[in-house]
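Quick note on labels: first sequence line is chain A, next is B, and so on, each numbered from 1. These figures come from a predicted structure and were not determined experimentally.
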Amino acid sequence: MALKNLRENSYPDWYQNVVAAADMAEVSSSPGCMVIKPWGYGIWERIQRMLDEKIKETNHENCYFPLFIPLSYFQKEAEHVEGFAKEMAIVTHSRLSMEDGKLVPASPLDEPLIVRPTSETIIADSFSKWVHSYRDLPVLINQWANVVRWEMRPRLFLRTREFLWQEGHTAHATFDEAEKEAETMLNVYEDLCVNDMAMPVIKGKKPEYDKFPGAVTTYCIEAMMQDGRSLQAGTSHFLGQNFAKSADIKFINTNNEPEYAYTTSWGVSTRLIGGLIMTHADDEGMCVPPKLAPQQVIIIPIIKDKSKAAEITAYAEKLRDALKSQIFAGEKVRVRFDNRPKEAVDKMWEWTRKGAPLIVEVGAKDLEKNAVMFRNRIHINQDGWKNFEDVDVFIATVAEKLQTIQDEMLARAKARLDGNIVTDIKTAAEFEAYFANNNVYLDNGGKAPKVAFVRGKWCGDEATLDKLKEMRLTIRCIPFDQSGSEGECLLSGKKGATLDVIYARSY
RNA sequence: CGGGACGUAGUUCAGCCUGGUAGAGCGCUUGCAUGGGGUGCAAGAAGUCGGAGGUUCAAAUCCUCUCGUCCCGACCA
């Protein structure tokens with residue numbers, strides 16, 4: 001029996017159903033916020049660990065800046081102010097007092113504090129104190145933090161008022177070095193998404209109108225969800241000297257002249273988990289790529305005859321310990337022996353909905369044959385879901401099996417992305433016809449709208465943005481691999497457009 | 001923040017129109033049977049009906065306000 005809400009009926013309902021069925025998160029009583037439950041947080045911890053390693057490999061160090069940012073700091077960078085003059089949490093009082101039996105805010109602050117929506121301004125302030133000479137550069141730091149944006153329409157993992165992320169901030173002596181840094185970190189994100197999350201992405205930069213407020217260039221990676229909508233999975237900004245000028249990050253260069261530093265910032269958030277769900281989950285629940293799975297192998301004892309319970313338990317524990325000594329992707333295999341007092345069949349389905357890659361069932365028959373029965377989550381209801389194997393062979397090949405699953409998940413996701421980028425729309429008329437209704441299907445049978453990405457020309461004129469909005473589309477990015485050819489702009493119909501862009505509906 | 005739907009047991013929901021003893025499925029607890037693809041039978045526990053005010057002899061039900069959730073939109077990681 002699959003989930004109550006299937007993908008083909010209602011994608012949003014299905015999404016929430018997966019989050020609940022996999023027990024990853026739930027809506028909190030605190031409005032707009034989520035409670036990330038152990039399985040969901042475990043996935044986040046895996047993302048953190050893998051990304052943190054990559055961040056450190058590229059010479060960045062972690063540190064921590066305040067949650068509260070004085071309002072005036074926010075006001076320093078003109079574009080930043082405008083771009084971020086949106087819903088934010090503002091601290092205006094410093095205590096509560098009791099009046100008529102009710103708690104009311106008291107002691108107004110001289111200057112309100114903003115609960116950080118992002119930390120460019122407060123970090124730039126520190127950088128201005130740290131940087132005096134070209135010898136102090138580059139400054140390469142990162143922080144793991146929570147941020148708050150007062151979203152009006154929250155969705156678990158994809159958009160919540162408070163979310164967890166990492167934000168890297170760097171300062172450099174030259175334009176080129178900073179620009180290269182922004183690209184390097186975009187590549188780090190791509191590596192994380194592709195090789196660890198099995199979620200292929202398109203790399204590119206945002207059009208001018210869609211840049212981060214205050215950025216010179218915003219680079220991004222875009223992933224395709226199963227409904228054909230695009231999810232911005234990560235961004236990396238080259239900020240030029242904009243923030244350096246407003247925060248006065250100045251240094252003496254090698255020519256003994258004062259110069260403003262060049263800064264970057266880059267981040268990914270718990271939104272990646274939403275992307276992971278919409279990339280890999282199916283109508284039976286979540287599927288977690290082995291590298292990200294908090295538990296990669298689940299062992300469930302099957303005890304029919306209670307007199308054999310001790311024997312089966314001992315067998316399972318021995319198997320657990322042997323598996324734990326195996327190495328997959330440079331780490332010990334993560335194994336859980338699930339001996340909770342529950343029905344074996346319930347445990348099996350629970351872990352299936354959570355998306356643990358391998359579920360092993362051990363019972364009396366296995367003891368006799370010195371074997372195991374294991375299920376491969378991503379082959380559910382197909383050949384290869386249920387497998388029998390000699391226990392020693394299983395132990396010896398568990399890392400190999402996990403790698404195969406990881407590879408297969410990437411291959412599936414990649415096939416979906418590659419197979420659903422429409423490239424043969426060459427005129428504005430064809431383009432309009434293609435999106436004439438919401439019922440453009442990627443595959444047959446589905447009732448929910450699934451719209452492919454269209455890769456085509458854009459003239460770059462901002463007058464085309466109205467048309468875009470009308471069609472409920474967005475320009476996801478200007479991909480790095482430009483063809484350089486000329487053609488008709490799919491929005492304006494103008495000839496001689498040279499930019500290749502990705503048009504898609506988005507999250 | 002605009003448009004729509006909705007808040008009743010842990011959960012999914014019925015009951016509301018036409019006011020009069022608080023209901024069901026799943027889940028939970030116990031027992032027996034079962035057990036390698038989502039168990040069966042029996043018994044049991046569990047809700048000041050989102051909150052506040054109003055109408056009434058009487059409110060889950062009618063009225064007002066409020067808070068929250070979901071969907072669509074705008075906005076965004």
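- Here V268(A) lies out of heavy-atom contact (under 4.0 Å) with every strand.
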At a cut-off of 3.5 Å, list every protein nitrogen or oxygen paired with a nitrogen or oxygen from nucleotides 9-14 of chain B, distance to 0.1 Å.
{"residue": "U12(B)", "atom": "O2'", "partner": "K4(A)", "partner atom": "NZ", "Å": "3.4"}

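- Interface residues of residues 293-301 of chain A facing RNA chain B, ordered by number: none; criterion, heavy-atom separation under 4.0 Å.
- Between R159(A) and C75(B) there is no side-chain polar atom (N or O) within less than 4.0 angstrom of OP1 or OP2.
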With the criterion being N/O to N/O and under 3.5 Å, what pairs connect the protein with nucleotides 47-52 of chain B, and how long is each?
none

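- Atom CE in M152(A) sits about 11 Å away from atom C1' in C76(B), given to the nearest Å.
- Under the 30°/60° scheme for interplanar angles, the aromatic rings of Y11(A) and W14(A) are found to be tilted.
- Residue T160(A) places its side chain closer to A77(B) than to any other of A77(B), G37(B), C70(B).
- Residue D13(A) contributes atom CG, which lies 8 Å from atom C1' of C71(B) at whole-angstrom precision.
- For residues 189-206 of chain A, every residue pair satisfying the side-chain hydrogen bond (donor to acceptor under 3.5 Å, both in side chains) rule, not counting sequence neighbours, is listed here: K54(A)-D191(A), K54(A)-D196(A), Q166(A)-Y189(A), N187(A)-K203(A), E190(A)-K203(A), D191(A)-N195(A), K206(A)-E222(A), K206(A)-Q232(A).
- Rounded to whole angstrom, the span from the CE atom of M34(A) across to the P atom of C70(B) amounts to 13 Å.
- Cation-pi geometry between R320(A) and F337(A) is not met at under 6.0 angstrom from the ring centre and within 45 degrees of the axis.
- One finds the CD1 atom of I359(A) at 8.0 Å from the CH2 atom of W385(A) (value rounded to the nearest 0.5 Å).
- Of the candidates A77(B), G38(B), C70(B), the closest approach to any side-chain atom of R353(A) belongs to G38(B).
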Check residues 18-38 of chain A and write down every donor-acceptor pair under 3.5 Å in which the side-chain atom is one partner and the other belongs to a residue at least two apart or another chain.
{"residue": "D23(A)", "atom": "OD1", "partner": "K37(A)", "partner atom": "NZ", "Å": "2.8"}
{"residue": "S28(A)", "atom": "OG", "partner": "S30(A)", "partner atom": "N", "Å": "2.9"}

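- Here G38(B) presents its C1' atom at 17 Å from NZ of K354(A), a figure rounded to the nearest Å.
- Comparing U69(B), C76(B), G38(B) against the side chain of E151(A) picks out C76(B) as the nearest.
- Atom CD1 in I273(A) sits roughly 18 Å away from atom P in A77(B) (whole-Å rounding).
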Identify the pairs formed between an N or O of the protein and an N or O of nucleotides 27-36 of chain B at a distance under 3.5 Å, and give each distance.
{"residue": "G36(B)", "atom": "O6", "partner": "K365(A)", "partner atom": "N", "Å": "2.9"}
{"residue": "G36(B)", "atom": "O6", "partner": "D366(A)", "partner atom": "OD2", "Å": "3.3"}
{"residue": "G36(B)", "atom": "N1", "partner": "D366(A)", "partner atom": "OD1", "Å": "3.4"}
{"residue": "G36(B)", "atom": "N1", "partner": "D366(A)", "partner atom": "OD2", "Å": "2.3"}
{"residue": "G36(B)", "atom": "N2", "partner": "E361(A)", "partner atom": "O", "Å": "2.6"}
{"residue": "G36(B)", "atom": "N2", "partner": "D366(A)", "partner atom": "OD2", "Å": "3.1"}

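- Using a 4.0 Å heavy-atom cutoff across all strands shown, G275(A) reaches no nucleic acid atom at all.
- When heavy atoms are screened at a 4.0 angstrom cut-off, R161(A) is found touching no nucleic acid atom at all.
- An OP1 or OP2 oxygen of A77(B) is reached within less than 4.0 angstrom by no side-chain nitrogen or oxygen of Q166(A).
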